Amino acid sequence: MNHVIEQLVLSALHKAKNNGDLEIAEEPEIVIEKPKDPKLGDFSTNLAMTLARPERKNPRVIAEVICKYLKNGGGQVERVEMAGPGFINLKMTQSFFISRLLKVAESGDDFGCSTVGKGQKVLVEYVSANPTGPLHVGHGRGAAVGNTLCNILKKAGFDIKSEYYVNDVGNQMNILGRSTWLRYQEILHKTVEFPKDHYQGDYIKDIAQEIIDRHGEEYLKKSEDEALPFFRQYAAQWVLEGIKTDLKEFRVEFDGWFSEKTLYEDDSVDNALGWLREKGFVYEKDGAVWLKSSAFQDEKDRVIVKQNGDQTYFCSDIAYHQNKVNRGFESLVDLFGADHHGYVPRMQAVMQALGYDRDVFKALLVQFVSLKRGEEKVSMSTRSGEFVTLKEVVDEVGVDATRYFFLSKSSDSHLDFDLELAKKETPENPVFYIQYAHARICNVFLKAQNQGIAVPGVAEVDLTPLVEEEEFALIKNILAFPEMIEKSAQTKEVHRISHYLHDLVAKFHSYYNKHRVVTENQPLTLARLFLLHCLQITIRNGLTVMGISAPEKM
RNA sequence: GCGCCUGUAGCUCAGCUGGAUAGAGCAACGGACUUCUAAUCCGUAGGUCACAGGUUCGAAUCCUGUCAGGCGUACCA
């Protein structure tokens with residue numbers, strides 16, 4: 001909708017230029033915003049103020065000129081005036097809004113979609129937690145944010161695929177296998193020493209018990225070297241299945257699960273390394289192999305093959321990201337926990353070394369979640385086994401509330417998750433405020449239906465009975481939905497949705513308390529039902545993007 | 001030491017590509033259910049936007065410095 005106003009202002013500017021009232025040497029960027037006080041108008045622009053310097057004129061004088069040309073704005077502008085230091089405020093006609101509201105109902109589930117993404121192929125990689133234990137709450141934040149980001153980008157016209165990178169090789173897998181092997185023996189009454197750096201969590205015992213249930217004591221006779229591959233494989237599979245289940249439960253599904261192991265099996269890692277070596281970006285020092293990442297703005301070079309001949313995690317990551325580009329993705333978005341932020345320049349350097357633009361790689365950093373029970377801090381280390389799992393939290397407070405909690409805060413600010421509070425506040429959680437609005441609307445429709453009144457269709461509805469201030473406040477807010485989606489896609493700021501919805505719904509609750517929808521006045525009733533129908537579409541679409549349900553009854 | 005994130009109401013947070021009187025929720029206080037769901041609404045109270053400078057018509061927002069918290073600065077992942 002703002003685009004329409006932009007065009008309006010722009011054409012006024014052109015006319016002013018043609019008539020010699022303004023110079024306009026360079027076409028300025030036009031910023032449209034809403035005035036703080038709705039009495040001032042529907043839209044405002046600070047254009048005159050930004051033009052003051054290049055035009056060498058008082059902003060108020062410039063504003064007067066632009067106002068003059070805006071006045072005959074094709075019958076859509078009801079009032080235009082200059083205010084304060086040089087703001088230009090526009091008030092639009094009723095028909096301007098009504099015609100746009102009709103399109104909301106036409107679009108239905110597609111309302112909010114746009115084409116700003118231009119079909120760009122983007123791969124979003126998120127969660128990618130090591131399959132060494134169940135997901136904890138911190139992973140949950142990444143999962144909710146990543147999943148919602150995908151939804152937003154899709155709606156904004158990007159061609160999105162999502163992926164979970166499974167780190168199924170390396171020392172951690174050995175430790176996982178060995179931890180299980182040791183617990184297995186323990187349960188079968190063998191005395192073993194369980195090292196501190198092994199996985200302490202009870203789930204290891206569950207895996208071991210399951211192996212006993214299925215395979216009995218047969219591995220007891222085998223040596224560690226013989227037994228370990230089986231335990232490693234079994235435990236990894238078990239954990240990964242658990243992660244998949246937990247994520248599905250949390251309404252997070254991936255287009256692909258990419259195994260790190262396959263990068264070694266099909267020589268992708270060696271090929272990537274060879275390629276870099278050929279280009280001269282790789283050298284040997286102190287018995288290790290290094291990537292010359294400092295040549296690409298990284299603060300120092302990085303080891304990719306250790307002295308002992310093992311490849312580092314970073315090494316396979318190079319191959320993985322090359323693989324992504326080779327699959328045709330134009331933009332790679334990775335969600336990182338904030339503790340990985342040092343990785344960002346490194347990956348950008350990799351892109352450059354591989355011969356791509358460094359901006360092909362983009363990271364979205366998700367800050368830490370610190371868990372508390374009241375005042376008490378809860379540790380979240382997988383190895384110590386004291387963490388709180390995502391599943392536990394979801395079981396306790398529900399998917400909707402948990403997702404909302406993660407999604408309503410800017411992902412680059414630290415998050416305090418107080419378990420006591422989350423539990424206690426469940427009934428007053430803001431998510432219910434939004435869902436309640438949806439349920440209320442459904443109930444109004446039910447009431448109307450009982451009186452034989454249906455929501456009118458786009459073709460036959462007459463919206464001219466809508467004249468209340470609150471009604472136009474609602475309409476304006478509804479029409480801002482696509483812009484909000486666009487903006488959060490551009491900035492990758494997922495938390496905008498929840499704030500928008502909360503704001504929208506507050507206007508509805510207020511309206512609901514002040515005005516009746518179903519009344520004796522038939523034309524007014526029909527118009528209001530239609531307005532609520534559009535509102536319902538907007539709320540539902542917003543909640544869907546967030547992966548939160550829109551209940552019809554509460 | 002260096003780098004990234006954060007510092008806004010009692011608490012949890014929006015607002016940050018400079019704009020009009022700094023906003024929500026929770027908590028507190030006072031009102032509104034014979035009405036389409038009171039999981040709601042209306043009102044009151046609550047602020048040196050961490051601090052100090054700078055940039056300009058104008059700064060919570062941009063720049064510099066200081067302080068505080070978190071994270072990183074591995075031949076771990």
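Per chain, numbering begins at 1; letters A, B, ... match sequence-line order. Since the structure is predicted, the reported quantities are computational estimates derived from the model, not experimental observations.
If you check every strand for non-hydrogen atoms under 4.0 Å, A:Leu40 touches a base. A:His509 comes within 4.0 angstrom of sugar-phosphate atoms only, judged by non-hydrogen atoms across all strands, and of no base. Within the 4.0 angstrom heavy-atom criterion, no nucleotide atom of any strand lies near A:His438. A:Phe445 comes within 4.0 angstrom of no nucleic acid atom, judged by non-hydrogen atoms across all strands. In this structure, A:Lys507 reaches neither bases nor backbone, as no heavy-atom distance under 4.0 Å exists between it and the strands shown. Using a 4.0 Å heavy-atom distance criterion, A:Ala448 is classed as making no nucleic acid contact. Within 4.0 Å of A:Asp168, counting heavy atoms only, lies no atom of the nucleic acid at all. Note on A:Ser410: only backbone sugar-phosphate atoms sit closer than 4.0 angstrom, heavy atoms only; bases stay farther off. The residue A:His340 sits close to a base: some heavy atom pair falls under 4.0 Å. Using a 4.0 Å heavy-atom criterion, one finds that A:Gln367 contacts the sugar-phosphate atoms exclusively.
Taking the syn range as angles within 90° of 0, the glycosidic angle of B:C62 is outside it, so the base is anti.
Within the structure, a side-chain polar atom (N or O) of A:Ser510 is placed less than 4.0 Å from OP1 or OP2 of B:C42. Close to B:G15, at under 4.0 Å from its OP1 or OP2, lies a side-chain N or O of A:His495. Taking only side-chain nitrogens and oxygens, A:Tyr436 comes nearer than 4.0 Å to OP1 or OP2 of B:A39. Taking only side-chain nitrogens and oxygens, A:Ser408 never comes nearer than 4.0 Å to OP1 or OP2 of B:U12. Within the 4.0 Å cut-off from OP1 or OP2 of B:C75, not a single side-chain nitrogen or oxygen of A:Lys285 is found. In this structure, A:Arg440 reaches the B:A38 phosphate: one of its side-chain N or O atoms is under 4.0 Å from OP1 or OP2. Contact between the side-chain N/O atoms of A:Lys306 and the OP1/OP2 oxygens of B:A77 is found at a separation under 4.0 Å.
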Query raised in the report: Should A:Arg528 and A:Glu471 be marked as a side chain to side chain contact (heavy atoms under 4.5 Å, CB included) after you check the CA-CA gap, both sets of side-chain angles, and the distance that decides it?
Result: CA-CA 9 Å; A:Arg528 286 182 171 174; A:Glu471 287 163 345; 2.7 Å; yes

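Of the listed nucleotides (B:C71, B:C13, B:G19), B:G19 has the atom at the smallest distance from the side chain of A:Met49. Distance from the side chain of A:Lys447 is smallest for B:C36 among the nucleotides B:C36, B:C13, B:C4. Out of B:C71, B:A20, B:A77, the shortest distance to the side chain of A:Ala83 is found at B:A20. Of the candidate nucleotides B:G70, B:A77, B:C41, B:C41 has the atom lying nearest to any side-chain atom of A:Tyr433.
Checking B:G1 for Watson-Crick or G-U wobble geometry (two distances, each under 3.5 Å) identifies B:U73 as its partner. Nucleotide B:G7 is matched to B:C67 when pairs are restricted to Watson-Crick or G-U wobble geometry with both distances under 3.5 angstrom.
As rounded to the nearest Å, B:U40 and B:U21 have C1' atoms that lie 28 Å from one another. Annotation: B:A32 and B:U6 have their P atoms spaced 45 Å apart (nearest Å). Going from the P atom of B:G65 to that of B:C42 covers 46 Å, rounded to whole Å. B:A60 and B:C2 have their P atoms separated by 29 Å, with the value rounded to a whole Å.
If you check the side chains of A:Tyr283 and A:Asp301, you find a donor sitting under 3.5 Å from an acceptor.
Not a single donor-acceptor contact under 3.5 angstrom links the side-chain atoms of A:Thr132 to the base of B:A77. Applying the 3.5 Å distance criterion, the base of B:G19 shares a donor-acceptor pair with the side chain of A:Asn46. Donor-acceptor pairing under 3.5 Å, judged by distance alone, is present between the side chain of A:Asn89 and the base of B:A20.
In this structure, A:Phe87 forms an aromatic stack with the base of B:A20, since both conditions hold: centre separation below 5.5 Å and plane angle below 30°.
A salt bridge between A:Glu493 and A:Lys487 is absent, with no side-chain N of the basic residue lying under 4.0 Å from a carboxylate O of the acidic one.
Distance CG (A:Leu47) to C1' (B:G19): 13 Å, rounded to an integer number of Å. For A:His414 and B:A68, the NE2 to C1' distance is 13 Å, given to the nearest whole Å. Between the CZ atom of A:Arg516 and the C1' atom of B:C36 there is a distance of 5 Å, given to the nearest Å. The distance between atom OH of A:Tyr511 and atom P of B:C41, rounded to the nearest whole Å, is 16 Å. Going from atom NZ of A:Lys409 over to atom P of B:C5 covers 21 Å, rounded to whole Å.
Near RNA chain B, meaning a heavy atom under 4.0 Å away, the residues from residues 286-302 of chain A are A:Asp286, A:Ala288, A:Lys300. Contacts between residues 341-352 of chain A and RNA chain B, counted as heavy-atom distances below 4.0 Å, involve A:His341, A:Tyr343.
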